[in-house]
Amino acid sequence: MLPLQTLRENADAIALAMDKRGLDARPIVSKILNLDQERRNLQARLDQTLAEANTASREIGQLFKAGKPAEANALKETSSHLKAQSKELQEQLGIAAEALQEALYLLPNTPNDLVPAGQDEADNEIVYQWGEIPTLEADALPHWELAGKYDLIDFELGVKITGAGFPVYKGKGARLQRALISYFLDRNTEAGYQEIQVPHLVNEASGYGTGQLPDKEGQMYHVQEDNLYLIPTAEVPVTNLFRDVILEKAELPVRYTAYTPCFRREAGSYGAHVRGLNRLHQFDKVEIVRVETPEHSYEALEEMVSHVKGLLESLNLPYRILRLCGGDLGFTSALTYDFEVYSTAQQRWLEVSSVSNFEAFQANRLKLRFREGGEKPQLAHTLNGSALALPRILAGLLENCQEAGGIRIPEVLVPYTGFDRIS
RNA sequence: GGAGGAAUGGCAGAGUGGUCGAAUGCGGCAGUCUUGAAAACUGUUGAGGGUCACACCUCCGGGGGUUCGAAUCCCUCUUCCUCCGCCA
């Protein structure tokens, strides 16, 4: 949700930037501005009425004290009338405020200047590429076959106990998962992110706070009984730690890292591209989240990008970085870099990380602010990124590190796995 | 799950119908004093809306109600505490 103040001051520039999303925001922006004006007019009238009512009430009190009940009772009538009036205004105001809120919810974040215009993923801009794509033997296998061959992952068992997209990791496969989680958490901690463990279910308010609701209602698993949502990413609980929080500027930046499983309904995804680990309903991810001042948020984004680069390079996975175009940019993001690892056996790039700056978009919903000295609180900027999502990393590792008769474990992981080869 | 109690400003804690946005203490900030610091003293110190700035309006866990008037009374939800039950 864009801050109203920003919209009032930069309506034209915002609408122009939204064009890059392929969205003509002009109608909704002007609707918002009109509703805002209407809301303010109503608010002013209501305030005026309430002020009069307050004055009358005070006078009534004083008249009673002064022993003038007749005059007091006469004033009561005025007061009652004002009250009725204010109730009506209150209702109108409520309607206007709700309409305004709904309109604001419909408007995505303003793309940063760097965001290229474009329709879809084909228009994303490749800004960086690293590593050599290994040449594999002719009989190289995709990861889902490797997983079966070495008994690392059992997809059928997952289907049996839950359903498609809920794999069961076994033996060295399970150990490798745990190793990756520990490794990522350790690296993130070394880079200054504080490890934190958060709930895997969140309430409705948290869903709204980070923007999953009302937008992506159908993408989350919903526990009706208690009205809780299974988290689609650690971003939701971690960022919501700061809902309704005013930080001192000295407390910034905030840097957290958290491992959580992630649950996604992925309604509407089918086909060969969702095979194996490519797309799951439950997967593991280590996330990094930052809260920054507006001046530093883009610097922070760059830092996060280079941190993720370091992780991938340490695993020796060939990757590229995409700057998402307007059409592919998430609803809440102002600028996003996607990291893709080359999956050699599948001969395609797999997204393993997404690093974004949300500027004040989430903070505005969250009411996450910071304050310096006696200054008025102002909205902070929030950022997050995957560091990293496990399944496709695992897919990449299995496929790219396969050799005759086994799979080689990257050196940095060996202290965590306790083995250097799967065979 | 059952029975009681509670929820007030950054924290602690008064306030049971009429200038209460709210005493007091602690903390924070500024100043006096000091070579500097501490102590002491003085002042200041919630958020949002609104305004050029004032005025003014809203907020005492959330929602609703009673009343001319609610932090204070009623209903309801949530959360926390104590006891009982159950339990990793």
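All chains are named by letter (A, B, ...) in the order of the sequence lines, taking the proteins before the strands, and each is independently numbered beginning at 1.
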So which protein nitrogen or oxygen atoms get under 3.5 Å of nucleotides 69-80 of chain B's nitrogens or oxygens?
residue: B:G69; atom: O4'; partner: A:Ser57; partner atom: OG; Å: 3.2

Rounded to whole angstroms, how far apart are [atom1] on [X] and [atom2] on [N]?
X        : N     : atom1 : atom2 : answer
A:Glu248 : B:G27 : CD    : P     : 17 Å
A:Glu251 : B:G10 : CD    : P     : 13 Å
A:Glu372 : B:A30 : CD    : P     : 12 Å

Practice problem: Find which nucleotide of RNA chain B each of A:Lys76 and A:Phe64 is nearest to by heavy atoms, and output the residue with the more 5' nucleotide. | Solution: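 Whichever sits nearer the 5' end wins; that is A:Phe64.
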
[atom1] atoms of [N] and [M], separation to the nearest Å:
N     : M     : atom1 : result
B:C26 : B:U45 : C1'   : 13 Å
B:C11 : B:G46 : C1'   : 13 Å
B:U58 : B:A22 : C1'   : 15 Å
B:C60 : B:G10 : C1'   : 16 Å
B:A6  : B:C86 : C1'   : 25 Å
B:C73 : B:G15 : P     : 12 Å
B:G36 : B:U44 : C1'   : 24 Å
B:U66 : B:G13 : C1'   : 29 Å

Exercise. Establish, from distance only, whether the side-chain atoms of A:Tyr337 and A:Glu125 form a donor-acceptor pair under 3.5 Å.
Key: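 No - no donor-acceptor pair under 3.5 Å links their side chains.
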
Quiz item: Using a distance-only test with no angle check, is there a side-chain donor-acceptor pair under 3.5 angstrom linking A:Thr293 and A:Lys249?
Solution: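 Looking only at side-chain atoms, A:Lys249 and A:Thr293 do not form any donor-acceptor pair under 3.5 Å.
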
Exercise. For atom CD of A:Glu313, decide whether the heavy atoms of other residues, nucleotides or ligands shown that lie under 6.0 angstrom number more than 12.
Key: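 Count over threshold, so yes.
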
Self-check item: Heavy atoms from other residues, nucleotides or ligands near CZ of A:Arg243 exceed 12 (cutoff 6.0 Å)
Solution: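 Atom CZ in A:Arg243 is packed in, count exceeds 12.
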
Quiz item: Can you tell me how far CG of A:Asn188 sits from CG of A:Leu311, rounded to the nearest 0.5 angstrom?
Solution: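 Between atom CG of A:Leu311 and atom CG of A:Asn188 there are 6.0 Å.
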
Quiz item: Looking at CD of A:Glu88 and CD of A:Glu91, how far apart are the two atoms once the value is rounded to the nearest 0.5 Å?
Solution: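 Answer rounded to 0.5 Å: 7.5 Å.
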
Quiz item: Ion pair present between A:Arg26 and A:Asp19, side-chain N to carboxylate O less than 4.0 angstrom?
Solution: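 Answer for the salt bridge query: yes.
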
Find the partner of [N]: check Watson-Crick (N1-N3 plus N6-O4 or O6-N4) and G-U wobble (N1-O2, O6-N3) distances, both under 3.5 Å, and reply none if neither fits.
N     : value
B:A7  : B:U78
B:C29 : B:G43
B:G48 : B:C57
B:A23 : none
B:C83 : B:G2
B:U67 : none
B:U16 : none
B:U34 : none

Self-check item: nucleotides 44-60 of chain B: protein proximity per nucleotide (B base, S sugar-phosphate only, - neither; heavy atom, under 4.0 Å)
Solution: --SSSBSS----SSS--

Quiz item: With sequence neighbours left out, what residues match A:Arg290 under salt bridge (Lys or Arg N to Asp or Glu O under 4.0 Å)?
Solution: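 For A:Arg290, the residues satisfying salt bridge (Lys or Arg N to Asp or Glu O under 4.0 Å) (neighbours in sequence not counted) are A:Glu292, A:Glu303.
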
Quiz item: Closest heavy-atom contact between A:Glu287 and A:Ser386?
Solution: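 Closest approach of A:Glu287 to A:Ser386: OE1-CA, 3.6 Å.
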
Self-check item: A:Lys172 charged N/C atom sitting above A:Phe419 aromatic ring, 6.0 Å / 45°
Solution: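 Yes, A:Lys172 and A:Phe419 form such a contact.
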
